[in-house]
**Student:** 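Got a structure here, written out as structure tokens. Questions coming.
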Amino acid sequence: MSPNPTPDLILVNGKFTTLDKSNPQADAVAIQDGRFISVGTRDEIMKLAAAGTKVIDLNGRRAIPGLIDSHMHIIRGGLNYNMELRWDGVRSLADAMRMLKDQVARTPAPQWVRVVGGFTEHQFVEKRLPTIEELNAAAPDTPVFILHLYDRAILNGAALRAVGYNKDTPNPPGGEIIRDKSGNPTGLLLAKPNATILYATLAKGPKLPPEYQKNSTRHFMREVNRLGVTGVIDAGGGYQNYPEDYNIIEELHKDGQLTVRLAYNLFTQKPKEELSDFKTWTSTVKPGQGDDLYRHNGAGEMLVYTAADFEDFRVERPDMPPSMEADLEPVIRLLAEKRWPWRLHATYNETITRALDVYEKVAKDVPFNGLNWFFDHAETISDRNIDRIAALGGGIAVQHRMAYQGEYFVERYGARAAEATPPIKKMLEKGVKVGAGTDATRVASYNPWVSLYWLTTGKTVGGMSMYPQANLLDRETALRLWTEANTWFSSEEGKKGQIKAGQLADLAVLSADYFAVPGDDIQDITSVMTVLGGKVVYGDNEFGRHSPDIPPAMPDWSPARHGSQYQPRPTAQAKQLALSTACACASSCGVHGHSHAKAWTSSVPTSDESSFWGALGCSCWAF
């Protein structure tokens with residue numbers, strides 16, 4: 001930094017939450033060459049301004065460090081984003097089906113209409129998924145594929161014909177094709193217990209050509225920029241081969257078109273050949289290789305297939321094969337010797353116990369000191385295993401999967417068992433490194449504000465309260481898990497995650513004050529201006545003029561070109577109108593004089609149409 005720095009950009013009149021404990025609040029910041037050079041009062045910062053300095057007034061809005069997702073599949077998701085109709089945030093099945101019908105009308109043959117995760121039936125007011133009959137009526141000739149979490153896929157008749165599933169198609173290992181009485185596939189595919197059948201079926205669909213994949217990835221990055229995300233640790237993924245499936249993201253990086261900082265992990269693709277994959281990769285790429293925008297981050301989240309415990313809470317917990325330890329040990333030993341950080345997908349405590357047995361054995365020979373290794377998910381981890389992770393210097397990356405699957409977990413294991421899934425406060429108390437993320441785009445949505453809502457309110461997207469007050473995080477702690485804390489998981493501590501002189505100038509200016517809005521409204525927050533390395537990468541409302549142009553989503557029938565994004569919750573007025581239309585009772589109650597539709601939008605049980613009171617259609621019933 002020069003002794004008399006001249007800022008490129010100054011932001012003033014903001015409520016900056018810096019997460020720098022030595023300077024927690026500020027009114028203004030100065031940025032030069034992609035880094036914060038000063039953080040303080042308006043008067044202090046404006047003294048640095050020169051003729052070429054751009055000044056933007058934030059109009060009193062809250063500003064926070066750019067959000068970092070410690071577990072997203074953004075590289076794979078970007079290749080497909082423009083082909084996918086997103087039901088993320090949609091609050092009624094009726095609206096979802098309307099969106100689907102509109103997309104069917106614009107989708108040319110032989111393309112599919114695909115809804116690939118990011119939602120749960122519990123977010124719908126109807127509390128159900130579409131039936132196969134409804135899909136066939138909406139799309140008699142266009143293939144439709146709908147992925148729901150990790151548990152099932154629903155295909156219409158045209159999709160079954162496109163993938164070639166018929167009476168003679170056998171069930172694959174770990175999956176089931178549901179059949180009618182004659183043995184013909186109905187269109188329902190179940191993960192039992194793993195999602196291979198779901199992903200293998202999806203992989204049969206058409207792909208975008210490379211130029212459209214570039215465009216698609218840019219639009220996905222723009223969408224997460226819209227939500228304030230400036231960094232992602234990519235967890236690899238099935239059918240995401242290295243290096244061929246990384247060509248698009250690397251070309252965008254080379255062309256200066258990345259608007260999100262990416263640290264990527266490598267995910268083995270070959271059951272029984274995992275060690276061979278990692279031997280190859282450890283000899284060709286090094287952790288940290290790259291730059292501040294695109295860098296390698298180690299191994300995982302799949303290390304060996306025999307250790308992968310898919311979290312379909314609709315079915316009983318899967319036992320890992322007896323060979324798990326023997327398969328895992330040589331991979332961990334190789335990674336430790338090569339000083340490669342790693343991450344391991346592990347939902348259940350039983351899996352974590354067995355993995356830690358291996359880790360402790362290897363660590364006696366090859367110390368883990370300086371290796372930022374961690375578990376992903378860990379919903380049912382025990383206190384004992386938290387202590388074991390702390391002793392080995394590891395971490396835990398948690399995601400908001402329970403916001404989408406909490407109802408299923410409670411149904412199987414009970415409300416008491418769900419009260420600390422995962423036990424984040426205990427992790428923090430025991431000194432374990434903890435970071436937050438989404439696991440988007442299939443098992444949950446990419447929206448970080450849903451995660452922050454879940455962390456601080458304990459509620460699912462369906463509105464069910466899961467956690468007692470003692471297990472909730474305060475808003476600042478939750479925000480740290482999405483910013484400063486996540487830098488440990490990419491070995492970038494001190495480089496970003498705070499609004500602090502010397503750190504990378506990544507921040508988000510919010511649509512509403514995260515620290516002031518009611519808890520339920522946290523999930524509705526977006527960014528009105530997102531800054532990456534001192535450059536505006538997204539702007540809206542009064543900051544829209546600062547937003548850089550981006551080519552339209554391609555192809556022209558792309559759902560992303562027609563409003564497919566995370567859908568905001570409807571306003572109370574819109575909900576009342578929709579419900580009154582649906583139930584034909586917008587008139588006042590004949591006994592009490594109140595509006596039925598108004599009662600349905602309230603928070604009392606009448607608003608749950610599946611409950612006793614809601615079924616009656618009147619909010620008070622003479623009580």
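Computed from a predicted model, the values in this text were never measured in an experiment.
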**Student:** Determine whether Glu223 and Asn225 make a side-chain contact, defined as any pair of heavy atoms from C-beta on separated by less than 4.5 Å.
**Tutor:**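 SC-SC contact between Glu223 and Asn225 ruled out.
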**Student:** Using modelled atom types only, decide if a donor and an acceptor are shared between the side chain of Asn156 and the backbone of Val144 within a distance under 3.5 Å.
**Tutor:**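 Yes, Asn156 side chain to Val144 backbone: donor-acceptor pair under 3.5 Å.
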**Student:** Suppose we screen for side chain to side chain donor-acceptor pair (under 3.5 Å). Which residues come up paired with Thr483, at least two apart in sequence or across chains?
**Tutor:**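 If we apply the side chain to side chain donor-acceptor pair (under 3.5 Å) test to Thr483, skipping adjacent residues, there are no hits.
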**Student:** When you measure from the side chain of Tyr467 to the backbone of Thr421, do you find a donor-acceptor pair of N or O atoms at a distance under 3.5 Å?
**Tutor:**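 Yes, Tyr467 side chain to Thr421 backbone: donor-acceptor pair under 3.5 Å.
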**Student:** Between Asn471 and Ala420, what is the shortest heavy-atom contact and its length?
**Tutor:**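 Taking every non-hydrogen atom into account, ND2-CB, 3.8 Å.
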**Student:** May I ask you to decide if Val509's main-chain N or O and Ser527's side chain share a donor-acceptor pair within less than 3.5 Å?
**Tutor:**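 Side chain of Ser527 to backbone of Val509, a donor-acceptor pair under 3.5 Å: yes, one is there.
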**Student:** Going by an N to O cut-off under 4.0 Å, is there a salt bridge joining Arg480 and Glu476?
**Tutor:**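 Looking at Arg480 and Glu476, the cut-off is met.
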**Student:** For the CZ atom of Phe119 and the CD atom of Gln567, what is their distance to the nearest 0.5 Å?
**Tutor:**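 It comes to 13.5 Å.
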**Student:** Check Lys426 with Glu429, please: is the shortest side-chain N to carboxylate O separation under 4.0 Å?
**Tutor:**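 Not counted as a salt bridge, because no side-chain N and carboxylate O are separated by less than 4.0 Å.
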**Student:** Would you say that Glu301 contacts His377 through its side chain, given a criterion of any heavy-atom pair below 4.5 Å between the two side chains?
**Tutor:**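 Touching, per the 4.5 Å side-chain cut-off.
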**Student:** Parallel, tilted or perpendicular: which fits the ring planes of Trp373 and Phe375, with parallel below 30° and perpendicular above 60°?
**Tutor:**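 Rings of Trp373 and Phe375: perpendicular, as their planes differ by over 60°.
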**Student:** Please examine the side chains of Asp88 and Asn447, heavy atoms only from C-beta on, and report whether any two atoms are closer than 4.5 Å.
**Tutor:**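 No - every pair of side-chain heavy atoms lies 4.5 Å or more apart.
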**Student:** So, Asn80 side chain and Arg76 main chain: donor-acceptor pair closer than 3.5 Å or not?
**Tutor:**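 Yes.
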**Student:** Any side-chain heavy atom of Leu58 within less than 4.5 Å of one from Phe543?
**Tutor:**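 A side-chain contact under 4.5 Å exists here.
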**Student:** Looking at Asp513 and Phe515, would you say the former's side chain and the latter's main chain have a donor-acceptor pair under 3.5 Å?
**Tutor:**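 At least one qualifying donor-acceptor pair exists.
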**Student:** Less than 4.5 Å apart, side chain to side chain, heavy atoms only: is that true for Tyr199 and Leu147?
**Tutor:**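 Touching, per the 4.5 Å side-chain cut-off.
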**Student:** Which class fits the ring pair Tyr359 and Trp342: parallel under 30°, tilted 30 to 60°, perpendicular over 60°?
**Tutor:**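 Answer is perpendicular, since the angle exceeds 60°.
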**Student:** Which one of Ile396, Leu428, Ile386 satisfies the side-chain contact (heavy atoms from CB on, under 4.5 Å) criterion with Pro423?
**Tutor:**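 Answer to the side-chain contact (heavy atoms from CB on, under 4.5 Å) test with Pro423 among Ile396, Leu428, Ile386: Ile386.
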**Student:** Given side chains that start at C-beta, do those of Leu100 and Ile146 come closer than 4.5 Å, heavy atoms only?
**Tutor:**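 SC-SC contact between Leu100 and Ile146 confirmed.
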**Student:** If you compare all heavy atoms of Val90 against all heavy atoms of Ala96, which two are closest, and at what distance to 0.1 Å?
**Tutor:**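 Here Val90 and Ala96 meet closest at CG1-N, 3.7 Å.
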**Student:** Any heavy-atom pair between the side chains of Val115 and Arg86 that's under 4.5 Å?
**Tutor:**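 With C-beta onward as the side chain, the pair stays apart.
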**Student:** Begin with the C-alpha distance, continue with both residues' side-chain angles, and end with the deciding distance and a verdict on side-chain contact (heavy atoms from CB on, under 4.5 Å) for Phe374 and Lys433.
**Tutor:** CA-CA 9 Å; Phe374 55 97; Lys433 299 290 186 181; over 6 Å; no
**Student:** Check this for me: Gln25, atom CD, are more than 12 non-hydrogen atoms of other residues, nucleotides or ligands nearer than 6.0 Å?
**Tutor:**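 Counting other residues, nucleotides and ligands, CD of Gln25 exceeds 12 neighbours.
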**Student:** With no hydrogens and no angle check, is any side-chain donor or acceptor of Gln399 less than 3.5 Å from a backbone partner on Ala397?
**Tutor:**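 Present.
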**Student:** Could you tell me which non-hydrogen atom of Arg61 sits nearest to which non-hydrogen atom of Ser511, and how far apart they are?
**Tutor:**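 Residues Arg61 and Ser511, closest heavy atoms: NH1-O, 3.2 Å.
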**Student:** Using every non-hydrogen atom in the two residues, find where Lys496 and Thr487 come nearest and quote the distance to one decimal.
**Tutor:**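 Distance-wise, the nearest heavy atoms are O-CG2, 3.3 Å.
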**Student:** Does a side-chain heavy-atom distance below 4.5 Å link Lys430 with Asp383?
**Tutor:**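 Side-chain contact under 4.5 Å: yes.
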**Student:** List the steps and the verdict of salt bridge (Lys or Arg N to Asp or Glu O under 4.0 Å) for Glu134 and Arg128.
**Tutor:** CA-CA 12 Å; Glu134 288 170 328; Arg128 70 174 181 88; 2.8 Å; yes
**Student:** Donor-acceptor check, side chain of Asp506 to backbone of Gly66, threshold 3.5 angstrom: yes or no?
**Tutor:**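 No, because the side chain of Asp506 does not come within donor-acceptor range (under 3.5 Å) of the backbone of Gly66.
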**Student:** Take Arg222 and Thr259 through the test side chain to side chain donor-acceptor pair (under 3.5 Å) and record every step on the way to the result.
**Tutor:** CA-CA 7 Å; Arg222 174 63 68 98; Thr259 61; over 6 Å; no
**Student:** Counting the benzene-type ring for Trp, do His400 and Tyr453 have ring centres under 6.0 Å apart?
**Tutor:**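 Ring centroids of His400 and Tyr453 are no less than 6.0 Å from each other.
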**Student:** Is it the case that the side chain of Arg261 and the backbone of Thr230 share a donor-acceptor pair, with hydrogens and angles ignored and the cut-off at 3.5 Å?
**Tutor:**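 No; judged by distance alone, with no hydrogens or angles, the pair does not exist.
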**Student:** Regarding Glu407 and Lys127, does a basic nitrogen lie under 4.0 Å from an acidic carboxylate oxygen?
**Tutor:**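 Salt bridge: no.
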**Student:** Measure up the Phe310 and Tyr150 rings against each other and bin them: parallel (under 30°), tilted (30 to 60°), perpendicular (over 60°).
**Tutor:**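 The rings of Phe310 and Tyr150 stand perpendicular, inter-plane angle above 60°.
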**Student:** Please answer whether the main-chain N or O of Thr438 pairs with a side-chain N or O of Asp69 as donor and acceptor at a distance below 3.5 Å.
**Tutor:**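 Yes; at least one donor-acceptor contact below 3.5 Å.
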**Student:** For Asp309 and Tyr348, indicate whether the former's side chain and the latter's backbone hold a donor-acceptor pair under 3.5 Å.
**Tutor:**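 Yes, Asp309 side chain to Tyr348 backbone: donor-acceptor pair under 3.5 Å.
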**Student:** Which heavy atom of Leu472 sits nearest a heavy atom of Thr457, and at what distance?
**Tutor:**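 Between these two residues, the closest heavy atoms are CD2-C, 3.6 Å.
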**Student:** Using 4.0 Å as the upper bound for N to carboxylate O, is an ion pair formed by Arg412 and Asp312?
**Tutor:**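 Arg412 and Asp312: not salt-bridged.
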